[in-house]
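Take a look at the structure set out below.
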Amino acid sequence: MKSAFTQLKQLFLKTVLLGLIPFSASAATVINETFATSPAANFTVVSGGTWAVSSGRYVLTAPANSTILGNLSRHNTSVAGDFTLTTTVRTTGTAALWDDTAVVFNYSNASNYYFVSLNEQNDGATNGIFKVQAGVQTELADFAALSTANTDYTIEIVRAGSSITVKRNGTTLGTATDSSFTSGYVGYGSKNDGGQFDNLLVNTPSGDTTPPTAPGSLIGAAVSSSQINLSWNASTDNVGVTGYNVYRGGSLITTVAGLSHSDTGLTASTSYSYKVKARDAANNLSADSNTVNVSTLSGSTGAPVEVSSFGPNGTHWPSATPTPFLYDTSVPNIINVACSWSAISTAISGLTPAQVTAGVLILVAPGDLPGNGSGSSSTPVIQNVGSTSWTKRVTVAPRDGYGTVTIGVGSSIGARIHNVSNVCFAGFIAYGLRPSACNNLALAWTKVINWLGLSASTNMNSTNLEIVEVVLPEYSVRDTDAAESATSTNGTTSGFKFVGCYIAPRYRSNGSAHTDSLQFFGSSSYSNMSFKDTVIFSSSNCAIQTGGLNGLELRHCYIAAQGPALYRYPFPGGYTPPNPNDVTKTFNGGGTGFKAYDSIFIGGMPYSTSPWVLVSNTTVSASAPLAPGATGAWTVNASLTSTIPEDFDVPLPTDAYLNSIWQ
C-alpha cells in the first residue's frame, strides 16, 4: 500500500514535469483521490463488474460485457463548467473482444455522459472520445495512437467551454467540440475489460473564493446497533453547492450530494460524534455545522440494517425519529397491556418524558381491537395522546408478534386515530385505518386490508408521518381509492414519508367512478411528500393522483401501469373495463417540484404543465416533458410495458411472505 506522502510526491512530479496541468494558484482542486487513504465509498457503482480499492488503486475485476460501457463507477462529487482532469489508467488485458478502459466525465445518468476510451486496436468504437446521449453512442474524435494492456498511462482531459482535449503522457490524442453536457460526475469504466485506476485529480478555475454557508440543524438518530442516520438543512452558495463532507470524530468519512447520510458498520452501544461541511465546485468549504453525539442501539435486537428493495423486505424501519424496534427486548421500558384501546391510551398517557427518552415499548395482548369506522367524522378509537415535544417515539406492537393483534378485522370496520403525536403502531393487521391530525406518527410493518387514509382535520394539520412497510395487497372492483392523503379546512398535510410500501389497485365498476391507488387532494395545501423503495400499481385512473402537490420525491420506486399492472392484477373474469384509458397512467393531476431518483415508471404521465424538476437514473416506458430548467433526463425503454414485476424482483406480499419477513 502506497503512503499518502508517496502518492502526493508522485502526483506532483507527474503533473509538473510532464506539464499536464499548469502549476498555478488559479486552479481549485475539486477531487483528489490517491486511493491510499480515500475510501471506495466516495464512488457509486453504476453497472457491471466488481469495483474495489486494492493496493492503493481503484480496481475493476470480473467485468461485464456491453456495446457501450458495461462497467461504470462514478465519483460522488459533481463537477460543473471548465475543468482539468488527470488520472492514471491501466487496462488489465484479458484477450477479450475489446481490451479497453475508459475515463467518464460530465456523467448525468446511465444514458447521458462523455467518455474517453483507450484500446489496443482502433475499431471505431473503443479508441477515442465518445458521447452517450439518450442511450445512443456517438464517436466525437478517433484516436490513431493505440494503447498497450498492463501499462500505466497518465491521462489528461481538459474541458474548456465546448472544447474537449485528451492527452496521454503529455501528448495530445485527440480533440472534440461538443456542448451537450456541461456538468456532471467523473468516473471510470470499460466495455468489457478489467482495469486499474489511480491518482484522480480534478481542478477547476478558482474564480469563486466564497465558501458556502454552514449546513444547518444537523440531527442524528440511531436506527440499529450498527447504523446512525444523519440529516441536515441545505447550505447556500454564491455559485452552487456541489456536496457535503460528513465527519465522524473529526475525520472525513464520505462526501454526499444530498442532505442525509446513513453511517453503517458501527459498534453497538457506542457514542459517535458528527459534523458536516458544505463544499462548492471550487472546493471552498463552509464552516462546521453543529455537532451531534449519537449512540448506537445495544445488542442485536435493535432494528435491522436497511436493505434497498422494491417493496417490503423486513429491513425498513421508521428512522426520521428514533423509534424502538417492535422485537427489541432490551428497550428500558416495556409495558404489557390488554387488547383494548383504553389500555393502550392509558399506558401512553402515563409516560414521563424521561421514560420516553430512554425508550418505551407497549406490547398488546392478542385479540381484535375494535373499530368505529375510518371516516373523517368517525369516533376515534384513540386520540389526544403523545407529545410533540418528545424526541423519541413510543412503539405500540403486538406482544406475540406480527398479526396476533388485528384492528377492526372481526367486524370488517376501520379505525380512526386522531391527534396522536410521536407514537409508532407496528405489526398489526387492520381492516382500515385513518390517522387524522397526527404529528410525527408512524405506521410500520402493517397489512391494511381495505383502505388507508392519512388526513388533516378542520383547523388541525398533519405533519411528518412515516409509513414504513405498510402494504395494501388486496385488489378488487371497487369505486374507491386504495389509499388517500387529504387536507381539510385550514388543515394542511406535509412531510409524509412512504418507505418500503406496497399498494395494489382498485378497478372502477362504472365509467364515472374515479379510482386511484393513492390520491393527494383537499381544500388546504399539501406538500413535500416522499417515497422510497415503494411499489404502487395503477388503479383505473392512475397509480398516484398528485392533485396540486407541492414537492414530491421518489427514490428507488417501482410505479407500474399497463402490461405489468394487468399481469399481476388482471381484470376479473367477465369484467369489461369501462374506459379504454384505464390502467394506463402512473401519475396524473398537477403539482410542482417533483424529483425522481433510481426509479422505474411504466405508463403515462399526462401533465399539462410538467412538475418534474430533477430526474436521475430513472427509466420510463415513454418520455415525458420536464419543467423548464430541470436537471437530468429520462432513460426511455418502451419495452418496459412488456415486462413483468418479477423481472425487477418485485415480490407479491402474500401472507406467507409477510409472515416470513415480519415475524
Side-chain angles (χ1 to χ4, degrees), residues 21-22 24-33 42-44 46 72-87 103-116 129-133 140 155-166 176-189 200-213 215 234-246 254-259 276-286 595-597 612-617 626-633:
I21 61 172
S24 169
S26 64
T29 300
V30 179
I31 299 173
N32 186 358
E33 292 282 2
N42 286 349
F43 284 78
T44 296
V46 177
L72 197 158
S73 180
R74 57 93 166 162
H75 197 275
N76 292 333
T77 300
S78 182
V79 180
D82 296 348
F83 64 85
T84 298
L85 179 156
T86 60
T87 188
V103 181
V104 177
F105 58 101
N106 289 139
Y107 175 93
S108 175
N109 55 48
S111 297
N112 296 278
Y113 56 91
Y114 299 107
F115 69 93
V116 169
I129 304 171
F130 296 87
K131 174 175 69 173
V132 179
Q133 187 168 29
L140 301 177
I155 303 302
E156 176 191 22
I157 301 171
V158 177
R159 186 70 195 267
S162 61
S163 174
I164 302 169
T165 302
V166 179
T177 301
D178 192 90
S179 57
S180 300
F181 315 124
T182 58
S183 65
Y185 301 98
V186 302
Y188 300 119
L200 175 61
L201 181 69
V202 180
N203 285 328
T204 61
S206 67
D208 177 18
T209 59
T210 303
T213 61
S235 299
T236 59
D237 186 67
N238 63 319
V239 176
V241 175
T242 59
Y244 296 88
N245 290 355
V246 181
T254 190
T255 298
V256 299
L259 301 177
V276 177
K277 291 175 178 282
R279 63 188 299 175
D280 61 19
N283 207 34
N284 297 308
L285 289 179
S286 73
K595 301 177 182 180
Y597 304 84
W612 298 100
V613 299
L614 187 152
V615 173
S616 175
N617 194 34
L626 301 180
T631 300

Smallest separation among heavy atoms of Thr29 and Asn203, with atom names:
OG1-OD1, 2.9 Å
Any side-chain heavy atom of Thr84 within less than 4.5 Å of one from Glu156?
yes
Tyr188 vs Val104 side-chain heavy atoms within contact, under 4.5 Å:
no
When you look at Ile164 and Val158, which way does the side chain to side chain contact (heavy atoms under 4.5 Å, CB included) test go after all the steps?
CA-CA 6 Å; Ile164 302 169; Val158 177; over 6 Å; no
I'd like to know if the side chain of Asp82 reaches the main chain of Gly161, judged simply by a donor and an acceptor atom lying under 3.5 Å from each other, with no hydrogens or angles considered.
yes
Determine whether Tyr597 and Val615 make a side-chain contact, defined as any pair of heavy atoms from C-beta on separated by less than 4.5 Å.
no
Does a side-chain heavy-atom distance below 4.5 Å link Leu259 with Tyr244?
yes
Gap separating the OG atom of Ser78 from the OH atom of Tyr107, nearest 0.5 angstrom
12.0 Å
Work out which heavy atom in Ser163 is nearest to a heavy atom in Thr165; give both atom names and the distance.
OG-OG1, 4.0 Å
Would you mind reporting whether Val103 and Ile157 have side-chain heavy atoms less than 4.5 Å apart?
yes
Side chain to side chain, Leu285 and Pro211, heavy atoms closer than 4.5 Å:
no
Hey, does the side chain of Ser183 reach the backbone of Ala80 with a donor-acceptor pair shorter than 3.5 angstrom?
no
N/O donor-acceptor pair under 3.5 Å between Arg279 side chain and Thr77 backbone:
no
Scanning both residues in full, the closest heavy-atom pair of Trp612 with Ala596 reads CZ3-CB, 3.8 Å
Should the ring pair Phe83 and Phe105 be called parallel, tilted or perpendicular, given that the plane angle runs from 0 to 90° and is split at 30 and 60?
perpendicular
Considering all heavy atoms of both residues, which atom of Leu626 and which atom of Ala633 are nearest to each other, and what is their separation?
CD1-CA, 4.2 Å
Check whether Asn76 reaches the backbone of Asn42 with its side chain - one donor and one acceptor, N or O, closer than 3.5 Å.
yes
Please check: side-chain N/O of Ser235 versus main-chain N/O of Thr213, any donor-acceptor pairing under 3.5 Å?
yes
Flag the pair Leu201 / Ile31 as yes when at least one side-chain heavy-atom distance between them is below 4.5 Å, and no otherwise.
no
Could you walk me through whether Val186 and Val202 pass the side chain to side chain contact (heavy atoms under 4.5 Å, CB included) test, one step at a time?
CA-CA 9 Å; Val186 302; Val202 180; 4.3 Å; yes
Taking the six-membered ring for Trp and the single ring otherwise, decide whether the centroids of His75 and Tyr185 are under 6.0 Å apart.
no
Can you tell me how far apart OG1 (Thr631) and CG (Leu614) are? Round to the nearest 0.5 Å.
5.0 Å
Is any side-chain heavy atom of Arg159 less than 4.5 Å from a side-chain heavy atom of Asn106?
yes
Report the C-alpha distance between Gln133 and Tyr113 in whole Å, list the side-chain angles of each, state the deciding distance to 0.1 Å, and finish with yes or no for side chain to side chain contact (heavy atoms under 4.5 Å, CB included).
CA-CA 7 Å; Gln133 187 168 29; Tyr113 56 91; over 6 Å; no
For Thr255 and Asn245, which I'm curious about, is there any donor-acceptor pair between the side chains at under 3.5 Å?
yes
Derivation and outcome, side chain to side chain contact (heavy atoms under 4.5 Å, CB included), residues Leu85 and Leu200
CA-CA 7 Å; Leu85 179 156; Leu200 175 61; 4.0 Å; yes
Would you find more than 12 non-hydrogen atoms of other residues, nucleotides or ligands less than 6.0 Å from Lys131 atom NZ?
yes
Which atoms form the tightest heavy-atom contact between Val241 and Thr236, and what is the distance?
CG2-C, 4.1 Å
Indicate the atoms forming the closest heavy-atom contact of Pro212 with Asn284, along with that distance.
CD-O, 3.5 Å
Which residues pass the side-chain hydrogen bond (donor to acceptor under 3.5 Å, both in side chains) test with Tyr114, not counting sequence neighbours?
Asp178
